[in-house]
Student: 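This is the structure I have questions about; it appears just below.
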Amino acid sequence: MTDPTVIHLRRGRTSLVLDARGPGLPRVVHWGADLGPVPADDLPALVGATVPPVVPSSFDAPTVLSLLPEASAGWSGRPGLAGHRHGRDWSTAFRLDAIDVDDPRGDVGDAVRVAHEEDDRGGVGAARVSVRATDPGVGLTLTVEITLDPVGVLTVRHRLRNDADQPYEVRELTPVLPVPAVATELLDLTGRWCRERAPQRHPWPLGAWVREGRHGRTGHDATLLLVAGTTGFGFGHGEVWAVHTAWSGDHVTAAERRPTGESTLGGGELLAPGEIVLGPGDEYATPLLYAAHSSTGLDGLSDVLHTHLRARPQHPRTPRPVTLNVWEAVYFDHDLDRLRALADRAAEVGVERFVLDDGWFTGRRHDRAGLGDWQVDADVWPTGLGPLVDHVHGHGMQFGLWVEPEMVNPDSDLFRAHPDWVLTAPGRLPLPWRHQQVLDLTNPAAYAHLLDRLDALLTGYPGIDYLKWDHNRDLTEAGHAGRPGVHTQTLAAYRLFDELRARHPHLEIESCSSGGARVDLEILRRTDRVWASDCNDALERLSIQRWTGLLLPPELIGTHIGPGRSHTTGRVHDLGFRAVTALFGHHGIEWDIGAISTAERAELAAWVALHKRLRPLLHTGRVVRLDHPDPAVQAHGVVARDRSRAVYAVSRLATSVAQTPGPVRLPGLDPTRRYAVRPAEGVPEPATLQITAPGWLPAVTLAGAVLAAVGLHLPALHPEQALLLEVDAVD
Ligand code: DGJ
């Protein structure tokens, strides 16, 4: 008989099966590979087959893991909810009240259908489930919102409402998803300033692998994705499950493997004591937990996530303008004539957006003063920014401006006038960081002032097309009115972005935070790209971009050609290596190109032109990365969605013991089609391509199957050199 309360949702290559027969919270029976059209009559059998046996020295009935793990259901791992009411009501036993299923494709038996507004999480064609459960004994209502978008990206959010008269403190509320036991290895990312998103990988041991961020921002060390996979999974092979906690404040992402047999991935907000105390009728909502699965390794995972992000209504649809950011060219040394000359050079090489970085506002001659005083410095800019904005626009380029709205230097007029407008622990200022403190955006007067200043700036200079929105310190001891304040500060910052965007709908915004410390999907709902790192050293960038790209498609990642000698590492690289590395993203330049030779500018212009020619492919195609056996070789590419063409970059990171690193395979092509492979057209004379011995540059025509399985020997590159290959179908 059909059981309407076993729900099977299918989207993309993913299935989600929920056992919602009650009386407790629903259980995820399966999240992973598409199961095909399971007959409704088989669903109860599927549920039955996945109930664990009762074993000696355990509860008398099988324990099953629900959408909110509870001790009352026999769960002894990390709790889904931790909270209390003056030390009582600490344990829940939620009972299912209602379940709404909106699955436009059917396949949900007799479940109730409800209409949901289209939103940017699922869009048209998404399946949605909403579960409501109550525990009258403790006076709480839990709502679980699940969305499975058309490509198979799952999002889960919990909402908890206090139904009682007494306050209830939420200490932790974390959605979790089960992962099957075949997942035996974990991959996550960590990092620091200038070395963001460094991978770490290890067997998945019993116990909990918990990644916590207490920076009050997403953090340089945030994991971005936490991936569990089958033994030896790689870019092109293995089955993987991954989650992302979409939150720009304190957060936790965790993998747990229990001796009782369950494995879970989950993530939520990290709450300080007393931070969330629900009054009667109040509700707390968790950040969205994004989850994706792939049977074809990490590239398959990225493909699902990139496709999801590209389908969002707010995803940038115009060609991503090649950007010149002046930071590493002039730092705080602002001079109109010099900047105009830089804009001239930028226009010559093909730049489309010119960004004036830090240093334009009152008192900002160095990083110790001025933050908070968001008016143009009349000493440095006696005629305002207008002449520069006009000059930039005169070249047909967009104009961008740097701001750091949430911050204030104690040496600023704003702080002198309102020393109480910053986040503090009672009685003391938090430790200074880059000589700055954090404005308390939950203070209505501070918020209104800031919104007004930013709005006035954008209204006064309608020529500002773009803001680079920075955030250069951690929030430490970030209290508001004596209470922990990161949660409310994070929501207020989101509100500020949203209000500014609503008032200035054509404005684009970059999320920057001392480089890449605010990279998450919640900030990306209100911004158009991220600054991946302050490190423009191409060698470091290869890794930073590769792993940022696990979640984000190239068009959302700012990638700039830096100066010959990197400002953050001192390494020296040829332009060719820097340009090939910066090609695969939202391309730009961060270099004093007023001070380089004419020949070098011509070479740079050729690289910019090449990026523009390849941009439609780079910003829509499928990203592939190679599992090359030699760690000194890193290769990646982008394949057109119809697999008619592709571009690959092969980089030599170091020397190898082996004389040649072996053939490089080209994945992602149509195995049945034939492709012409050749060095990319339009690459400036490879005067700078250093090859250890004169070798051949490949120009062959072979089937996609051959290129994927056998690959090509490439010239023996010197370390820190890269080769760009273009591949076109010939049939
Ligand atoms: C940190 C950013 O990451 C840099 O790109 C630059 O904008 C500086 N801040 C300016 O202070």
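Counting starts at 1 for both ligands and their atoms, in listed order.
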Student: Identify, by atom number and element, the atoms of ligand 1 in contact range of Asn472, meaning under 4.0 Å from any of its heavy atoms.
Tutor: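 Within the 4.0 Å cut-off of Asn472, ligand 1 contributes 1 (C), 9 (N).
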Student: Classify the contact between Ser513 and ligand 1 as side chain, backbone, both or neither, using a heavy-atom distance cut-off of under 4.0 Å.
Tutor: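 It is neither part, as no heavy atom is under 4.0 Å.
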Student: What distance separates Phe577 CZ from Ser651 OG, expressed to the nearest 0.5 Å?
Tutor: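 The distance works out to 5.0 Å.
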Student: Enumerate the atoms of ligand 1 whose separation from the nearest heavy atom of Asp358 is less than 4.0 angstrom.
Tutor: 10 (C), 11 (O)
Student: Side chains of Glu522 and Ser248 only: does a donor on one sit below 3.5 Å from an acceptor on the other?
Tutor: no
Student: Assert yes or no for the condition that the ring centre distance of His487 to His480 is strictly below 6.0 Å.
Tutor: no
Student: Can you list the ligand 1 atoms lying under 4.0 Å from a non-hydrogen atom of Lys468?
Tutor: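 Under 4.0 Å from Lys468, ligand 1 has these atoms: 4 (C), 5 (O), 6 (C), 7 (O).
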Student: Is any side-chain heavy atom of Leu385 less than 4.5 Å from a side-chain heavy atom of Trp360?
Tutor: yes
Student: CZ of Arg211: more than 12 outside heavy atoms within 6.0 angstrom?
Tutor: yes
Student: Can you tell me which portion of Glu404 lies within the under-4.0 Å heavy-atom range of ligand 1? Options are side chain, backbone, both, or neither.
Tutor: neither
Student: List every atom of ligand 1 that sits less than 4.0 Å from any heavy atom of Gly515, numbering the atoms from 1 in the order shown and giving each element.
Tutor: 3 (O)
Student: Short list, please: which atoms of ligand 1 are under 4.0 Å from a heavy atom of Arg434?
Tutor: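 Taking each heavy atom of Arg434 in turn, ligand 1 has 9 (N), 10 (C), 11 (O) under 4.0 Å.
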Student: Using a strict cut-off of 4.0 Å, indicate which atoms of ligand 1 neighbour a heavy atom of Cys512.
Tutor: 2 (C), 3 (O)
Student: Between Trp402 and ligand 1, does any nitrogen or oxygen pair lie at a separation below 3.5 Å?
Tutor: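 N/O-N/O distance under 3.5 Å: yes.
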Student: Would you say His471 touches ligand 1, if touching means a heavy atom closer than 4.0 Å?
Tutor: no
Student: Given side chains that start at C-beta, do those of Glu555 and Pro553 come closer than 4.5 Å, heavy atoms only?
Tutor: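 Glu555 vs Pro553: side chains touch.
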Student: Starting from atom 6 (C) of ligand 1, which protein heavy atom do you reach first, and at what distance in Å?
Tutor: Asp357 OD1, 3.4 Å
Student: Taking side chain as C-beta onward, heavy atoms only, is Val389 less than 4.5 Å from Phe354?
Tutor: no
Student: Can you see whether Phe399 has Arg353 sitting over its ring - NZ or CZ less than 6.0 Å from the centre and within 45° of the normal?
Tutor: no
Student: For Asn325, which part has a heavy atom under 4.0 Å from ligand 1: side chain, backbone, both, or neither?
Tutor: neither
Student: Identify the protein heavy atom lying closest to atom 2 (C) of ligand 1, giving its residue, its atom name and the separation to 0.1 Å.
Tutor: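 It is Asp470 OD2, 3.2 Å.
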Student: Report, in ascending order of atom number, the atoms of ligand 1 lying under 4.0 Å from any heavy atom of Asp534.
Tutor: 1 (C), 2 (C), 3 (O), 4 (C), 5 (O)
Student: Tell me, do Trp193 and Thr568 make a side-chain contact under 4.5 Å, heavy atoms counted?
Tutor: yes
